Amino acid sequence: MQTHKQASDFSLEEHLAAFERGCVDLVDKKDLSKLLESRLAKGQGLRVKFGMDPSSADLHIGHSIPLLKLRDLQALGHTIVLIVGDSTAMVGDPTGRSKLRPVLTREEVDENLRTYVEQAALILDMERVEVRRNSEWFDSLNFEGLLKLCTRMTVAQMIERDTFQTRMEAGEPIGINEFLYPLMQGWDSVEVKADVELGGTDQLFNLLVGRRLQGQEEQRPQVVFTTPLINGLDGRKMSKSYGNAVGLKDDARTMTFAIMRLDDTAMPVWFTQLTRVPDSEMATLLAGHPREAKARLAFEVTAGYHGEEAAREAAQAFDREVRDKQLPDDIATTEWQDDWGDALPLPNLLSQMGLVQSTSDGRRMIQQGAVRFDGEVQSDARATCARPAERLLVQVGKKRVGYLAG
RNA sequence: GGGGAGGUUCCCGAGUGGCCAAAGGGGACAGACUGUAAAUCUGUUGGCUCAGCCUUCGCAGGUUCGAAUCCUGCUCUCCCCA
């Protein structure tokens with residue numbers, strides 16, 4: 001049985017440093033310092049609240065930033081309280097100009113929670129996390145209770161929030177229900193008696209509502225702090241739908257290859273937020289050759305999820321395949337189908353092999369000189385390919401490869 | 001409730017009867033360059049049995065030789081007034 005350290009085993013300075021490292025907003029430091037002091041004196045840690053959105057469960061490394069922070073705090077003996085926003089999710093959150101999000105059923109929430117915990121467990125010790133669903137208190141809050149909650153804030157206070165401002169100026173719709181969000185999230189803090197709440201920088205407004213509501217309930221207002229949102233591989237906000245995200249469940253190879261494609265300018269933030277390489281070492285790396293720094297970054301992150309050996313292998317594969325332009329180890333083989341007859345037009349062949357999206361796409365690739373058979377460029381889109389006697393290597397661009405067997 | 005403006009291809013956005021598979025930008029993909037990127041230059045970006053044909057401009061009808069463009073109904077969004 002492993003015994004965990006207590007908060008009082010660490011100095012105030014160590015606690016403060018852990019909170020402050022890589023943090024963007026901290027409201028406010030004095031409160032935190034005083035709070036820590038009084039709790040440590042009693043041999044207690046803090047209750048650190050963190051909310052998860054159960055409407056999606058696919059986590060990417062952007063999500064890992066607060067989780068890593070929570071892990072640091074957990075190691076210092078603080079209690080992590082994970083709020084599952086099942087009630088908030090069921091309100092249905094219309095995001096920007098897109099359509100209403102479908103309202104989630106209990107079953108979907110359960111399923112998303114399960115996969116979330118599974119992924120969060122890659123980082124946190126979930127055994128020691130207090131998981132609370134906010135339906136626990138919102139289900140019993142009747143209409144009167146809801147009205148009361150609504151009186152806690154004014155419309156003016158609500159639309160101070162920059163996202164509302166922006167959307168109003170852009171003429172985009174805002175649902176009334178969206179005003180309920182911050183209130184509900186803030187009320188969660190009251191219910192779990194949070195000492196501290198962590199969120200991404202986009203959550204600052206919501207986090208501050210928690211402070212306000214706790215104050216009104218004569219609780220000590222929570223300390224609020226935020227971690228940055230990192231951009232995706234292409235510099236835009238990291239999001240699964242932009243296809244610029246690195247998934248927590250991506251395999252070592254995918255992870256390493258993706259991180260190696262990262263924009264140089266994003267490295268300092270990624271290093272600080274996604275690794276725990278000591279500051280001085282980080283500075284040395286960043287001052288050196290960007291390629292080396294990035295390789296180290298990829299290694300650190302990948303090793304965190306897959307272990308050092310897998311990370312090393314992935315790095316070697318990257319050097320071999322991308323730097324030295326050699327073929328990957330595992331190339332899928334497509335067997336020649338009998339109904340293709342004796343020969344198949346090149347665009348159709350590429351499409352059948354799944355190397356291009358459509359025959360038309362294949363035709364374009366050929367015209368652009370992207371298609372190679374055994375290394376030889378095929379530039380005639382009208383040409384056909386006969387059933388090969390020996391295994392034929394088919395390449396489209398730099399990344400798409402396949403074998404064709406006769 | 002009244003008035004006005006809108007819904008266009010992955011996204012933003014131009015297009016008011018044929019020259020529109022639809023300008024321009026973004027993104028993506030491909031080629032050159034490179035450090036693995038970025039930046040830059042070039043090209044491509046609905047589908048197909050591909051010099052032709054088919055499908056697409058909120059939805060459903062209609063007018064017309066011909067509609068993203070005109071008409072009718074429906075639907076969704078924004079703004080102003082109440």
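Please read these numbers as outputs of a predicted model, since none were measured by experiment. Basis for what follows: all heavy atoms, side chains included, without hydrogens, waters or symmetry-related copies. Letters A, B, ... mirror the listed sequences (proteins, then strands); counts begin at 1.
Residue A:N348 is in sugar-phosphate contact alone, with no base atom involved, counting any heavy-atom pair closer than 4.0 Å across all strands shown. Note on A:F318: only backbone sugar-phosphate atoms sit closer than 4.0 angstrom, heavy atoms only; bases stay farther off. Residue-level contact check: A:S360 touches the bases, meaning some heavy atom is under 4.0 Å from a base atom.
A distance of about 27 Å separates the C1' atoms of B:C76 and B:G24, rounded to the whole Å. Using C1' as the reference atom, B:G43 and B:C59 are 38 Å apart when rounded to the nearest Å. Rounded to whole Å, the separation between the C1' atoms of B:C33 and B:A22 comes to 34 Å. Atom name C1', nucleotides B:C19 and B:U69: the rounded distance is 15 Å, in whole Å. Rounded to whole Å, the separation between the P atoms of B:G27 and B:U77 comes to 31 Å. Taking atom P on both B:G58 and B:C10, the two are 13 Å apart, rounded to the nearest angstrom. Rounded to a whole angstrom, the distance from the P atom of B:G3 to that of B:U72 is 15 Å. Rounded to whole Å, the C1' atom of B:G17 lies 15 Å from the corresponding atom of B:G62.
By the side chain to side chain donor-acceptor pair (under 3.5 Å) test, A:E191 is found to be paired with A:W187, residues two or more places apart in sequence or in another chain being considered. The side chain to side chain donor-acceptor pair (under 3.5 Å) search around A:R114 returns A:E111, A:E118, not counting sequence neighbours. In terms of the ring-ring contact (aromatic ring centres under 6.0 Å, His included) criterion, residue partners of A:F179 (sequence neighbours excluded) are, by chain and number, A:F164. Partners of A:E217 under the side chain to side chain donor-acceptor pair (under 3.5 Å) rule, at least two apart in sequence or in another chain, are A:R152. With sequence neighbours excluded, no residue satisfies side chain to side chain donor-acceptor pair (under 3.5 Å) with A:R323.
Residue pairs meeting the ring-ring contact (aromatic ring centres under 6.0 Å, His included) criterion with at least one member in residues 342-390 of chain A: none, sequence neighbours excluded. The ring-ring contact (aromatic ring centres under 6.0 Å, His included) contacts involving residues 313-349 of chain A comprise A:F257-A:F318, A:W336-A:W340, where partners must be two or more places apart or lie in separate chains. Residue pairs meeting the side chain to side chain donor-acceptor pair (under 3.5 Å) criterion with at least one partner in residues 271-286 of chain A, sequence neighbours excluded, are A:D72-A:R276, A:E281-A:R296.
Within the 4.5 Å cutoff, the side chain of A:E197 has no heavy atoms near those of the A:F50 side chain.
Nucleotide B:C10: paired with B:G26 (Watson-Crick or G-U wobble, both distances less than 3.5 Å). Across all strands shown, B:C57 forms no Watson-Crick or G-U wobble pair with both distances under 3.5 Å. Pairing for B:A32 goes to B:U40, judged as Watson-Crick or G-U wobble with the two contacts each under 3.5 Å. Pairing partner, B:G1: B:C81, with both Watson-Crick or wobble hydrogen-bond distances short of 3.5 Å.
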Table of protein N/O atoms under 3.5 Å from nucleotides 30-34 of chain B N/O atoms:
unit_1, atom_1, unit_2, atom_2, d
B:A30, OP1, A:R400, NH2, 3.4
B:A30, O2', A:Q368, O, 3.4

Polar atoms only, N or O, under 3.5 Å: list the protein pairs with nucleotides 4-10 of chain B and their distances.
none

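Comparing B:A37, B:A51, B:G46 by their closest approach to the side chain of A:R364 singles out B:G46. With B:C48, B:A51, B:G35 as the candidates, the nucleotide lying closest to the side chain of A:S358 is B:C48.
For the segment residues 296-303 of chain A, the set of residues with a heavy atom within less than 4.0 Å of an atom of RNA chain B is empty.
A:E313 and A:R253 are not joined by a salt bridge, as no carboxylate oxygen comes within less than 4.0 angstrom of a charged side-chain nitrogen.
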Please tabulate, for the side chains in residues 376-392 of chain A, all donor-acceptor contacts under 3.5 angstrom to protein atoms that are two or more places apart in sequence or on a different chain.
unit_1, atom_1, unit_2, atom_2, d
A:Q378, NE2, A:E376, O, 3.3
A:D380, OD1, A:R382, N, 2.9
A:R391, NH2, A:Y403, OH, 3.4

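A centroid separation of less than 6.0 Å is found between the aromatic rings of A:H78 and A:F19.
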